[in-house]
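Starting from 1, each residue takes its place in the sequence as its number.
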Amino acid sequence: MFTTSDHEYMTLALRLAEKGLYTTTPNPRVGCVLVNHGKIIGQGAHLRAGEPHAEVIALRDAEQHFPALIKDSDAYVTLEPCNHFGLTPPCANALIDAGVKRVVVAMQDPNPKVAGSGLANLTNAGILVQHGLMESQARALNAGFISRMTQNRPFVRVKIAASLDGRTALANGESQWITGEPARLDVQHWRARSCALLTGIGTVMADDPQLNVRHIQHARQPLRVIVDSQLSLSPEARILDGGNTMVAYAVDAKGSAEALLHKKITLLNIPGEDGQVCLKTLLNHLASLGINEVMVEAGQTLNGALLAQHLVDEFLIYYAPVLLGSAARGMLGIPSLEHMEDRVQLKLMDVRQFGQDLRIIAQPDY
């Protein structure tokens with residue numbers, strides 16, 4: 001169905017889409033390539049919400065350099081062209097008006113406002129439409145957007161730095177630094193692509209982290225979210241500096257709300273039945289704010305709670321070639337298993353080395 005050239009052009013479109021890795025939220029990352037008889041005539045990537053979509057940028061590029069070749073060209077797009085008016089006009093209409101003869105799409109848009117209507121509009125206009133080329137790569141690029149559209153919650157990625165014996169901190173809480181600089185720099189890229197960084201009050205009290213993106217170029221700082229069921233957070237915590245912080249709590253046990261609000265942060269009262277913060281409600285709320293990807297940097301308690309509720313989509317685990325011993329703190333606070341069939345099976349997605357550390361990306365097979 002698809003040729004070698006089709007794969008080459010879609011690969012380029014996916015690389016273009018990656019240009020918006022840190023910036024497109026809450027929109028998806030999309031790339032587009034226009035080709036006429038084997039000649040690339042236009043390229044484009046969507047970079048920010050409210051700015052032109054990839055198809056429009058590619059058409060503008062072609063109009064500037066090869067205007068006579070736009071008609072009867074092929075368009076390779078990583079996501080189904082939109083068919084509705086939002087902050088920008090429908091891209092399906094732009095392709096139709098331009099006179100393209102064929103549109104190859106990696107994946108259908110999960111947004112209910114589109115969901116196949118863009119492809120149908122193109123087909124009804126007499127354009128040959130094909131989709132499914134390199135779909136898995138396109139889905140991986142927009143896992144957060146897909147999750148928000150289909151599950152009403154962000155894609156949750158839990159980052160853990162651990163010793164080879166699976167320990168994340170000494171018994172006294174000391175954890176800096178288990179991994180080396182190359183691994184820590186890689187973490188900054190994952191932070192930058194995330195819309196929100198989630199941690200627990202235990203980590204805040206133990207490490208007093210800033211939980212921000214640093215050491216790399218980035219266009220924005222992710223929202224910082226703290227799970228603090230009893231609202232014990234100190235107003236002096238560094239994570240509150242500069243605002244852009246949300247604190248989710250179940251009960252204001254110490255009457256701390258007023259002092260925290262002076263720090264110009266958002267307080268979210270969402271108690272669960274167990275007296276703790278309702279994590280599912282928290283994620284649903286973040287989705288309502290347009291949050292696509294959440295990276296969790298927390299301790300074993302919050303990590304375990306998210307896993308127990310099947311709210312973890314992916315683990316990002318950095319293993320350092322050190323041993324911390326059985327008394328040190330573990331990766332996940334989960335109940336002891338009595339039967340092997342109760343184990344959590346993981347699917348390995350990627351394994352590579354950063355300096356002396358090993359990074360494993362794995363997804364739970366619930």
Side-chain angles (χ1 to χ4, degrees), residues 156-191 197-212 214-215 226-230 232-234 237-239 276 279 294-366:
V156 176
R157 181 179 290 113
V158 174
K159 170 257 171 180
I160 299 174
S163 61
L164 280 184
D165 53 347
R167 302 296 167 174
T168 61
L170 300 178
N172 62 10
E174 183 180 347
S175 62
Q176 296 180 332
W177 297 100
I178 292 178
T179 55
E181 258 187 61
R184 298 201 299 271
L185 182 60
D186 185 60
V187 170
Q188 297 303 317
H189 290 280
W190 289 98
R191 282 184 177 182
L197 304 175
L198 177 67
T199 193
I201 184 60
T203 298
V204 173
M205 294 177 72
D207 299 338
D208 196 21
Q210 292 178 292
L211 209 63
N212 56 14
R214 49 190 184 272
H215 307 313
I226 307 166
V227 175
D228 182 9
S229 291
Q230 304 301 308
S232 351
L233 181 66
S234 166
R238 293 199 302 166
I239 199 170
Q276 304 296 308
L279 298 175
V294 170
M295 188 158 95
V296 181
E297 298 193 46
Q300 61 181 1
T301 301
L302 182 53
N303 290 346
L306 288 165
L307 182 64
Q309 297 179 46
H310 290 189
L311 296 175
V312 177
D313 296 298
E314 189 168 84
F315 284 105
L316 184 67
I317 304 176
Y318 297 85
Y319 282 109
V322 297
L323 301 173
L324 297 184
S326 60
R329 299 185 182 183
M331 298 163 57
L332 295 149
I334 56 177
S336 297
L337 304 181
E338 297 183 2
H339 307 285
M340 285 298 289
E341 57 263 31
D342 296 330
R343 66 193 178 201
V344 179
Q345 191 70 43
L346 302 178
K347 180 181 179 182
L348 285 180
M349 308 302 292
D350 185 79
V351 179
R352 65 184 67 184
Q353 191 169 344
F354 289 83
Q356 291 298 304
D357 304 316
L358 193 66
R359 189 193 75 186
I360 293 177
I361 299 178
Q363 295 182 350
D365 184 13
Y366 295 123

Could you walk me through whether Arg191 and Leu211 pass side chain to side chain contact (heavy atoms under 4.5 Å, CB included), step by step? CA-CA 9 Å; Arg191 282 184 177 182; Leu211 209 63; 3.8 Å; yes
Taking every non-hydrogen atom, the tightest pair across Leu311 and Tyr366: N-OH, 4.0 Å
Can a donor-acceptor pair be found, under 3.5 Å and without considering hydrogens, that links the side chain of Asp208 to the backbone of Arg238? yes
In the structure I gave you, are the side-chain heavy atoms of Glu314 and Leu316 within less than 4.5 Å of one another anywhere? no
The criterion is side-chain contact (heavy atoms from CB on, under 4.5 Å); which residues satisfy it with Pro321, sequence neighbours excluded? Gln356, Asp357
Would a 4.5 Å heavy-atom cut-off, applied to side chains only, mark Leu302 and Thr199 as touching? no
Please determine whether side chain to side chain contact (heavy atoms under 4.5 Å, CB included) holds for the pair Arg359 and Asp350, giving the CA-CA distance in whole Å, both sets of side-chain angles, and the decisive distance to 0.1 Å. CA-CA 8 Å; Arg359 189 193 75 186; Asp350 185 79; 2.9 Å; yes
Interatomic distance, CD@Gln300 vs CG@Leu332, rounded to 0.5 Å, equals 8.0 Å
Rounded to the nearest 0.5 Å, how far does NZ of Lys159 lie from OH of Tyr318? 7.5 Å
Closest non-hydrogen contact found for Leu348 with Ala362 is CD2-CB, 4.1 Å
Nearest-0.5 Å distance that lies between atom OG1 in Thr179 and atom CG in Leu185: 11.0 Å
Are Ile178 and Leu324 side-chain neighbours, meaning at least one heavy-atom pair lies under 4.5 Å? yes
Does anything in residues 315-325 form a salt bridge (Lys or Arg N to Asp or Glu O under 4.0 Å)? List the pairs, not counting sequence neighbours. none
One pair to check against side chain to side chain contact (heavy atoms under 4.5 Å, CB included): Phe315 and Val296. What are the steps and the verdict? CA-CA 9 Å; Phe315 284 105; Val296 181; over 6 Å; no
Atom pair CG (Leu198) and CG (Leu279), whose distance is rounded to the nearest 0.5 Å: 7.5 Å
If every non-hydrogen atom of Thr203 is compared with every non-hydrogen atom of Glu297, which pair is closest and at what distance? CG2-O, 4.2 Å
Please report the interatomic distance CG(Asn303) to OG1(Thr168), rounded to the nearest 0.5 Å. 8.0 Å
Identify the two heavy atoms, one from Asp228 and one from Leu233, that lie closest to each other, and give their separation to 0.1 Å. OD2-N, 2.9 Å
Do Gln276 and Ser229 pair up side chain to side chain, a donor and an acceptor below 3.5 Å, judged on atom types alone? yes
Please determine whether the number of non-hydrogen atoms from other residues, nucleotides or ligands lying under 6.0 Å from atom CD of Glu181 exceeds 12. no
Donor-acceptor contact below 3.5 Å, side chain Arg157 vs main chain Asp313: no
With a 6.0 Å cut-off (strictly less than), is the heavy-atom count around CD of Glu338, excluding the residue itself, greater than 12? no
Drop me the distance from Ile334's CD1 to Arg343's CZ, to the nearest 0.5 angstrom. 13.0 Å
I need the minimum non-hydrogen distance between Ala298 and Gly200, along with the two atoms involved. CB-N, 4.0 Å
